[in-house]
Chemist: 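Quick one: the structure is below, and I'll ask about it shortly.
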Amino acid sequence: MNSKVDKYERLLKLAKSRGFFWEAFEIYGGVSGFLDFGPLGVLLKRKISDMWIKWFVKNEGFLEVETPIVNPEIVFKASGHIDSFKEPAFKCLKCDRRFRADHLVEEELGLSSTEVESMDLKMLQKLALDKGLKCPECGGELSEPYYFTTMFKTFIGPYMENIGYGRPEAAQGMFLAFKRALELKRGKLPFAIAQVGKVLRNEISPRQGPIRLREFTIMELELFIDSEDPKCPKMSDVENEFLRVIPAEARMKGYEEPLELTVREYLDKGLITMEWLAYFMVKAKQFMEHLGIPHDCQRFVEKLPWERAHYSSQGFDQEIYLDRWGWVEVSGHNYRTDYDLKRHMEYSGVDMTVYKRFEKPINVRKIQVEPVEETIRRDFREHSDTVVKLIMSIKPETLADGLINSNAVKLGDYLIKPEHVKISERIVEEKGKRFIPHVIEPSFGLERVFYAVLEYAYTEREGRAILKLPIAVAPIQVAIYPLVTKDGLPEKALEVYTRLLNSGFDVYYDDSGSIGRRYVRSDEMGIPLALTVDYQTLQDNTVTLRNRDNWRQVRTNLNGIENRLRSFFADEISFENLGEPI
RNA sequence: GCGGUGGUGGUCUAGCCUGGUAAGAUACCGCCCUGCCACGGCGGGGUUCGCGGGUUCGAAUCCCGCCCACCGCACCA
């Protein structure tokens, strides 16, 4: 029909009129980056996230958790977000406009972005003063440079100094839960912690409706592995699957077209460095296929080193082709190494290492340091106890090295000399060792998946819109209609409605308007089956079922219909097998 | 954040230039009709014209500020 109007616009209209989603705060004019989800949208989102949990968590035996959205500042200091999530800015003291300080310096003074990126506030300020930088809009004086963060900042409790942030990713909560999860898994790797939850990102200027939000739902899992044993035991299940991938090295040479190789080939060529990363990429591809997005409309793009997040050592974006915006990221697959756990160990002082038994004990040379009481008392007198404690708290190897190399080591305020300690070496049998796990993380944006599902489901036939949602995620499963609103048909239809409702189906009853009009409505709502009660129903207890996707009909008996419907929605029997074709 | 375009019942659109207090289609509701793909008839309700201010006797219309959306640039861990 309106070929000039793109799919996004037509879908937006449908989404509003049928109650999938619309912009939030509408009566106050709206705020960009926020959406309301209506009845059908809520159901669709829930079914998608349930499916994700089934695929990525339950079927894998992983652990699902729920952790707070508001976190104390220390969490994001440790995670590195405070440092890498800020941008320097100037404010014009005359016209009050704000500018990115790095961009302004870059443009006005003709410096390269790499030069500017390494500058701190002091350097930016000095540069601005020396070169007499002014507001590019009105020529006014500029303020001192300051940092703004794209995280939502708040206070915890009544104390202004107790700063909290809305989490920009769910991952940190899972790293903090690592020790508990490790215990639940009885200390054995690999395992993963997963979470579906809201995150907040205070984007500078979000656009693109459901594609870029300031508050959205992330479906994320952190897989913890031993980096010396990075094999994925399930690799053989998926290694012959094809993936469309644009590797970083190809991108740097200007190639835009994805390779089309099997997972095994990507691994053998070293294009994907970790088996688990590849495993989750295949799962992600299959997941999106099950949601109605064909293989050809998906691709994985490897991030270039400078595009990667601060924690990532290899990363791929899974992208889906959308009518209006082209390729859009729906999930990110990152190898986070041991970065996060290491940082949280440093900041919290809590040990997050995992113990690993060696297959055979190995012998290692161990240095041992013993304080010599006599000389310590002689030289340190009343401080002797403190000095002994200091000696015991430092790594023996460090102390021994220092004493051998420079003949004295400073511990606190005290100078320790060789005569204060007795150094010995012996062979110790070690049965295992402790290590910090490495992390593989697939992370999905639920709202983007949701939108992609809607867009790929949206079709038109004879000028009518049909949402061909995959039956597994259709918000409503069966629409129930009386053919006409008289002669007891509505009563019978309501009886069927109640019966299916009580059997756990998502059902919808409608008796307003002609039967054709009602079919149009349920097509727009993406309801896969319409069940119509007609005059024959009153005689032989049979009803018609109509298929949303091809408008074909079958007649079926109400006896035992629940089991047939259940099989249909479990994808075990086809529509034609639900009854006798009409 | 910058530049451009726009915002009128639920939805789409006319009216704006040339101020005189809102129109059509569709959707919706009720009754009648109804026998499987937007049937028809009759009746009905609904628009502080994005928000705020200004000019004017009078503003959807002219002016200013803001908000939101779209397109381009920038941003997108």
Side-chain angles (χ1 to χ4, degrees), chain A residues 2 5-6 8-10 12-19 22-34 76 79-87 89 91-92 96-100 102-104 106-107 136-137 148-151 168-169 171 199 201-209 211-214 216 303 306-312 315 317 324-325 328-329 332 334 443 445 461-466 481-487 489 511-524 530-537 543-548 550-553 555 582:
Chain A
N2 327 320
V5 182
D6 70 9
Y8 172 69
E9 212 159 308
R10 284 176 281 162
L12 208 59
K13 194 180 153 188
L14 183 76
K16 266 192 218 172
S17 65
R18 291 298 163 203
W22 54 82
E23 72 169 330
F25 314 117
E26 250 184 327
I27 67 163
Y28 290 109
V31 179
S32 84
F34 296 96
F76 298 117
S79 71
H81 284 88
I82 300 263
D83 282 334
S84 60
F85 247 47
K86 63 184 182 192
E87 308 291 352
K91 188 168 96 178
C92 172
D96 208 41
R97 284 192 178 88
R98 321 283 159 118
F99 303 93
R100 283 282 298 268
D102 47 348
H103 290 179
L104 200 63
E106 200 178 313
E107 278 168 31
E137 291 296 322
F148 68 90
T149 171
T150 49
M151 288 194 288
E169 57 170 15
V199 300
R201 295 183 186 182
N202 202 359
E203 304 276 4
I204 313 236
S205 92
R207 288 210 200 136
Q208 308 174 320
I211 298 307
R212 218 166 123 214
L213 296 169
R214 288 187 163 121
F216 62 97
K303 305 301 271 182
W306 56 88
E307 292 173 336
R308 288 197 298 250
H310 60 275
Y311 49 70
S312 173
D317 281 353
R324 183 170 207 143
W325 299 294
V328 168
E329 178 192 354
N334 282 296
S443 172
R461 175 172 174 184
E462 297 170 20
R464 299 159 42 162
I466 307 176
Y481 302 139
L483 184 62
V484 293
T485 54
K486 59 175 187 184
D487 301 327
L489 296 188
D511 63 11
S512 154
S514 72
I515 190 70
R517 185 182 296 260
R518 282 175 271 155
Y519 285 150
V520 170
R521 282 190 205 124
S522 57
D523 284 348
E524 289 188 353
L531 183 157
T532 303
V533 167
D534 57 18
Y535 285 101
Q536 198 181 328
T537 310
V543 293
T544 64
L545 288 173
R546 168 199 181 264
N547 186 332
R548 171 196 68 195
N550 52 28
W551 302 358
R552 282 208 280 270
Q553 288 185 299
R555 183 165 276 277
I582 295 175

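In what follows, every chain begins at residue 1, and chains take the letters A, B, ... in the order their sequences are listed.
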Chemist: Which part of the nucleic acid, if any, lies within contact of A:Tyr8, taking any heavy atom under 4.0 Å across all strands shown: a base, the sugar-phosphate backbone alone, or nothing?
Modeler: sugar-phosphate
Chemist: With nearest nucleotide decided by heavy atoms, which residue, A:Trp551 or A:Lys16, maps closer to the 5′ end of RNA chain B?
Modeler: A:Lys16
Chemist: From C-beta outward on A:Arg555, which listed nucleotide comes closest to its side chain: B:C28, B:A69, B:C36?
Modeler: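 Looking only at side-chain atoms, A:Arg555 lies closest to B:C36.
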Chemist: Short question: side chain of A:Arg214, backbone of A:Glu203 - any donor-acceptor pair under 3.5 Å?
Modeler: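 Looks like yes, one N/O pair under 3.5 Å.
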Chemist: Give none if B:C16 has no partner; otherwise give the nucleotide forming a Watson-Crick or G-U wobble pair with it, both distances under 3.5 Å.
Modeler: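 The base-pairing partner of B:C16, which may sit in any strand shown, does not exist here.
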Chemist: What is the distance, rounded to the nearest whole Å, between atom CZ of A:Arg521 and atom C1' of B:C36?
Modeler: 15 Å
Chemist: Could you go through A:Leu483 and A:Gln536, starting from their C-alpha distance and side-chain angles, then the distance that decides it, and tell me whether this counts as side chain to side chain contact (heavy atoms under 4.5 Å, CB included)?
Modeler: CA-CA 11 Å; A:Leu483 184 62; A:Gln536 198 181 328; over 6 Å; no
Chemist: Which one, B:C76, B:A38, B:C70, comes nearest to the side chain of A:Arg324?
Modeler: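 When the side chain of A:Arg324 is considered, B:C70 is the closest of B:C76, B:A38, B:C70.
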Chemist: For A:Trp22, answer base if it contacts any base atom (sugar-phosphate contacts may also be present), sugar-phosphate if it contacts only those atoms, and nothing otherwise; contact means non-hydrogen atoms under 4.0 Å.
Modeler: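 Counting heavy atoms under 4.0 Å across all strands, no contact is made by A:Trp22.
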Chemist: What's A:Arg546 touching, base or sugar-phosphate or nothing? Going by heavy atoms closer than 4.0 Å.
Modeler: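 A:Arg546: base contact, heavy atoms under 4.0 Å.
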Chemist: Among the nucleotides B:C70, B:C37, B:A38, which one has an atom lying closest to any side-chain atom of A:Glu524?
Modeler: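 Per side-chain heavy atoms of A:Glu524, the pick is B:A38.
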Chemist: Counting side-chain heavy atoms from CB outward, which of B:C36, B:U34, B:C70 is closest to A:Lys486?
Modeler: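 Selected nucleotide (nearest to the side chain): B:U34.
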Chemist: So which of residues 530-537 of chain A are in contact with RNA chain B, with a heavy-atom cut-off of under 4.0 Å?
Modeler: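 Heavy-atom cutoff 4.0 Å gives A:Thr532, A:Asp534, A:Tyr535.
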Chemist: Identify which nucleotide among B:C68, B:U11, B:U34 has an atom closest to any side-chain atom of A:Glu23, counting heavy atoms from C-beta outward.
Modeler: B:C68
Chemist: When the P atoms of B:A22 and B:A59 are considered, how many whole Å apart are they?
Modeler: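 The answer is 12 Å between these two P atoms.
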Chemist: Which value, in whole Å, describes the distance between the C1' atoms of nucleotides B:U11 and B:C28?
Modeler: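 The answer is 11 Å between these two C1' atoms.
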Chemist: Under 4.0 Å between a side-chain N or O of A:Ser17 and OP1 or OP2 of B:A27?
Modeler: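 Result: no.
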Chemist: Are the side chain of A:Arg201 and the backbone of A:Pro168 linked by a donor-acceptor contact shorter than 3.5 Å?
Modeler: yes
Chemist: With a 3.5 Å cut-off and heavy atoms only, can you find an N or O donor on one side and an acceptor on the other between the side chain of A:Arg548 and the base of B:C37?
Modeler: no
Chemist: Measure the shortest side-chain to side-chain distance between A:Tyr519 and A:Trp551 over non-hydrogen atoms and say whether it is less than 4.5 angstrom.
Modeler: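 Side-chain contact under 4.5 Å: no.
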Chemist: For A:Trp325 and A:Thr485, find the nucleotide of RNA chain B closest to each by heavy atoms; which residue's nucleotide sits nearer the 5' end?
Modeler: A:Thr485
Chemist: Across the strands shown, which category fits A:Arg212 at heavy-atom distances under 4.0 angstrom: base, sugar-phosphate, nothing?
Modeler: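 Result for A:Arg212 = base.
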Chemist: Considering only atom C1', compute the distance from B:C12 to B:G1 and round it to an integer number of Å.
Modeler: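 Result for the C1' pair: 33 Å, nearest Å.
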Chemist: In a check of salt bridge (Lys or Arg N to Asp or Glu O under 4.0 Å) between A:Asp523 and each of A:Arg18, A:Arg548, A:Arg517, A:Arg464, which one passes?
Modeler: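 Single pass found, and it is A:Arg464.
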Chemist: At less than 4.0 Å, is any side-chain N or O atom of A:Arg517 found next to OP1 or OP2 of B:C28? Yes or no.
Modeler: yes
Chemist: On the side chain of A:Tyr519, is there an atom forming a donor-acceptor pair with the base of B:C36 - under 3.5 Å, no angle test?
Modeler: yes
Chemist: Determine the Euclidean distance between corresponding C1' atoms of B:G20 and B:C29; express it in Å to zero decimal places.
Modeler: 34 Å
Chemist: Looking at B:C29, B:C68, B:C36, which one has an atom nearest to any side-chain atom of A:Ser32?
Modeler: B:C68
Chemist: Of all the heavy-atom pairs spanning A:Gly30 and A:Glu23, show the shortest one and how long it is.
Modeler: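 That would be CA-OE1, 3.9 Å.
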Chemist: Nearest heavy-atom pair of A:Leu213 and A:Phe34: which atoms, and what distance?
Modeler: CD2-N, 4.2 Å
Chemist: Give none if B:C75 has no partner; otherwise give the nucleotide forming a Watson-Crick or G-U wobble pair with it, both distances under 3.5 Å.
Modeler: none
Chemist: Using atom CG of A:Asp511 as one end and atom C1' of B:C36 as the other, report the distance to the nearest whole Å.
Modeler: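 After rounding, the reported distance stands at 16 Å.
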Chemist: Please state the C1' separation for the pair B:C17 and B:C76 - nearest whole angstrom.
Modeler: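 The same atom, C1', in both gives a distance of 41 Å.
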Chemist: If you go through the side-chain atoms of A:Arg201, does one of them form a donor-acceptor pair with the base of B:C76 closer than 3.5 Å?
Modeler: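 Counting by modelled atom types and ignoring angles, no donor-acceptor contact under 3.5 Å is found here.
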Chemist: Among the nucleotides B:A38, B:C29, B:C68, which one has an atom lying closest to any side-chain atom of A:Arg464?
Modeler: B:A38
Chemist: Which one is paired to B:G65, where only Watson-Crick or G-U wobble pairs with both distances under 3.5 angstrom count?
Modeler: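 By the stated definition (distances under 3.5 Å), B:C51 pairs with B:G65.
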Chemist: Does the base of B:C76 carry an N or O that pairs as donor and acceptor with the side chain of A:Glu203 under 3.5 Å?
Modeler: no
Chemist: Working to the nearest 0.5 Å, report the span between OG1 of A:Thr544 and CD1 of A:Ile582.
Modeler: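 If I round to the nearest 0.5 Å, the distance is 5.5 Å.
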Chemist: Taking the side chain of A:Leu483 as its heavy atoms from C-beta onward, which of B:U11, B:C70, B:G35 lies nearest to it?
Modeler: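 For A:Leu483, the side-chain atoms sit closest to B:G35.
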Chemist: Assign A:Gly513 to base, sugar-phosphate, or nothing according to its heavy-atom contacts below 4.0 angstrom with the strands shown.
Modeler: nothing
Chemist: Do the ring centers of A:Trp325 and A:Tyr8 come within less than 6.0 Å of each other?
Modeler: yes
Chemist: Could you work out the separation of B:G53 and B:U47 based on their C1' atoms and round it to a whole Å?
Modeler: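 Going atom to atom, C1' in each nucleotide, I get 23 Å.
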Chemist: Between B:U48 and B:U21, how many Å separate the two C1' atoms, rounded to a whole number?
Modeler: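 Taking atom C1' in both B:U48 and B:U21, they lie 12 Å apart.
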Chemist: Output the rounded distance in Å from NZ (A:Lys13) to C1' (B:U26).
Modeler: 8 Å
Chemist: Of the nucleotides B:C68, B:U34, B:C28, which has the atom closest to the A:Val484 side chain?
Modeler: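 Side chain of A:Val484 sits closest to B:U34.
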Chemist: Can you tell me, in whole Å, how much space there is between the C1' of B:C71 and that of B:C39?
Modeler: 42 Å
Chemist: Should A:Glu307 and A:Ser312 count as side-chain neighbours, where that means a heavy-atom distance under 4.5 Å?
Modeler: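 A:Glu307 does not reach A:Ser312 side chain to side chain.
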